[in-house]
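Please read the structure below before turning to the comments.
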There are 2 protein chains.
Amino acid sequence: MTATSKTLRDEIENGIVTGDFQPGERLDEVQLATRYGVSRTPVREALMQLGAIGLIEIRPRRGAVVAEHGPERVFEMFEVMAELEAMAGALAARRHNEADMASILAALEQCQNAAASDDTDQYYYENEIFHRAIYSASHSSFLEEQCLALHRRLRPYRRLQLRVRNRMKMSLSEHGDIVEAIAAGDAEQARFLLRNHIAVQGDRFGDLISSLKT
Amino acid sequence: MTATSKTLRDEIENGIVTGDFQPGERLDEVQLATRYGVSRTPVREALMQLGAIGLIEIRPRRGAVVAEHGPERVFEMFEVMAELEAMAGALAARRHNEADMASILAALEQCQNAAASDDTDQYYYENEIFHRAIYSASHSSFLEEQCLALHRRLRPYRRLQLRVRNRMKMSLSEHGDIVEAIAAGDAEQARFLLRNHIAVQGDRFGDLISSLKT
DNA sequence: GTCAACCATTTTGTATACAAGAGATCAGCC
DNA sequence: GGCTGATCTCTTGTATACAAAATGGTTGAC
């Protein structure tokens with residue numbers, strides 16, 4: 001396979017997310033270089049970038065391996081994500097303008113459409129847009145960046161979560177409540193709802209653990 | 001100047017924090033290479049790492065410049081930092097063990113000593129240890145990492161803040177209350193106190209703005 | 001038979017040479 | 001005289017060659 005239109009970094013990242021590279025697997029620089037038809041230099045740069053966002057682990061003089069996050073680690077990441085999203089929701093409730101609200105409502109509608117046609121992949125995509133609309137409505141560009149970065153890092157696990165039975169319908173119903181709270185300007189309610197929406201707790205914790213074990 | 005014992009990345013980072021490289025200044029790869037007596041390759045790696053943590057901005061094919069954060073941007077960063085630290089405090093209140101509490105109390109004492117001798121630099125140092133003790137007591141390694149990363153990014157601005165008159169005494173008194181809440185296991189109180197401790201609000205906002213203008 | 005030390009091989013880190021794109025300058029045209 | 005376009009230079013991005021370090025195997029001794 002040779003390099004496509006996307007950047008090398010995205011190429012390797014995709015390989016990790018799709019399971020082409022297994023967690024714990026050693027990433028050999030020359031192998032990657034030949035595989036993507038480039039030299040070691042851009043491969044190293046891509047690996048460093050992936051290391052910076054935590055997708056792979058780079059140990060000096062000892063190479064790079066795909067990060068294998070244990071269940072408790074993933075749980076912690078969702079815990080932090082929940083708090084950041086809750087914060088974004090609280091800010092959005094206070095600061096949103098008409099344009100923000102329109103984006104959020106539009107995204108909600110697309111989520112509903114995807115759910116109605118039982119299209120998990122489509123819902124996954126629309127769900128992302130919905131959450132991004134909230135980040136944007138927080139009017140804190142830094143918070144938005146942080147949320148996007150962490151969201152990206154959690155992407156593979158999030159995808160697994162939606163596969164759980166009924167999760168899509170639950171998620172959609174929660175979205176509705178969240179939008180309501182934001183529209184009403186109820187910051188604390190938006191914070192509370194988003195925290196619970198993201199956090200992995202109760203039954204969902206078990207679901208996550210078992211999905212990681214496969 | 002030639003490279004010292006520290007890594008090249010720390011070297012350049014230090015140059016930015018100390019003002020050796022001004023915000024907005026262009027960082028030429030060959031200049032840095034000759035300055036530190038290495039080739040362009042390690043310089044590029046160091047720049048990429050600094051770009052990943054947001055200290056510099058890298059635009060493809062257009063080089064790297066030292067990030068210049070406007071006041072509102074810095075405000076947003078403190079806003080997020082406050083929320084993360086508040087979260088760490090809340091978790092610490094619930095999860096801390098004897099060893100955690102001992103570390104926190106020891107750090108608090110060192111803060112008191114530094115404040116007693118009116119040593120701002122020393123207080124700055126001890127303050128960092130105090131906050132790190134709380135991160136650690138949260139028993140969430142991911143949250144701890146996120147806090148450390150953001151703390152590092154905010155380091156230059158934090159330093160400016162302590163210069164404000166009476167801030168050290170205020171900070172110390174707040175530390176006492178925070179420790180009390182954590183020791184009592186009052187998560188919500190710890191969250192509330194830490195959020196206010198970090199956040200830049202009221203008079204402190206003006207202080208920050210003016211310190212950025214110098 | 002097992003353990004340890006040394007050497008070879010593999011792999012990362014660095015330097016330098018080359019290619020390609022972006023910005024500046026100068027010239028020609030309107 | 002101002003604006004637009006082409007060329008030229010300077011800088012970034014990539015490839016390859018070289019150096020240094022870590023790992024693994026092999027051999028020798030106990």
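Nearest nucleotide to the side chain of B:D28, out of D:dA15, D:dT11, C:dG13: D:dT11. Comparing C:dT14, C:dA15, D:dA22 by their nearest atom to the side chain of A:R40 picks out C:dT14. Residue B:S39 places its side chain closer to C:dT16 than to any other of C:dT16, D:dA15, C:dG23. The side chain of B:P42 sits closest to C:dT14 out of D:dA22, D:dT11, C:dT14. For A:T41, the side-chain atoms get nearest to D:dT14 when compared with the rest of D:dT23, D:dT14, D:dT12.
Here the P atom of nucleotide D:dT11 and the CG atom of B:L27 are 13 Å apart, to the nearest Å. Here the P atom of nucleotide C:dG13 and the CD atom of B:Q49 are 11 Å apart, to the nearest Å. Distance B:E29 CD to C:dT14 C1': 15 Å, rounded to the nearest Å. Here D:dG13 presents its C1' atom at 12 Å from CE of B:M48, a figure rounded to the nearest Å. With rounding to whole Å, B:L32 atom CG is found 14 Å from D:dT12 atom C1'. Rounded to a whole Å, the CZ atom of B:R61 is 5 Å from the C1' atom of C:dG21.
Among the protein residues, B:R44 comes within range of the nucleic acid bases, having at least one heavy atom under 4.0 Å from a base atom.
Between B:E13 and B:R152, at least one side-chain N (NZ, or NE/NH1/NH2) sits under 4.0 Å from a carboxylate O, which counts as a salt bridge. In this structure, A:E68 does not pair ionically with A:R26, as no charged nitrogen and carboxylate oxygen lie closer than 4.0 Å.
In this model, the phosphate group of D:dT12 is approached by a side-chain N or O of B:R26 to a distance below 4.0 Å at OP1 or OP2.
Of the candidates A:H131, A:R191, A:H197, A:E85 forms a side-chain hydrogen bond (donor to acceptor under 3.5 Å, both in side chains) with just one, namely A:H131.
At a threshold of 4.5 Å between non-hydrogen side-chain atoms, the residues A:E174 and A:L193 do not count as touching. Using a 4.5 Å heavy-atom threshold, the side chains of B:S117 and B:Q122 count as separate. A heavy-atom distance below 4.5 Å is found between the side chains of A:F142 and B:L150.
Over its full length, the helix from C:dG1-D:dC30 to C:dC30-D:dG1 turns its helical axis through 10°, comparing axes from the five pairs at each end and rounding to 10°.
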Walk me through it: do A:S140 and A:Y135 pass the test side-chain hydrogen bond (donor to acceptor under 3.5 Å, both in side chains)?
CA-CA 8 Å; A:S140 171; A:Y135 306 159; over 6 Å; no

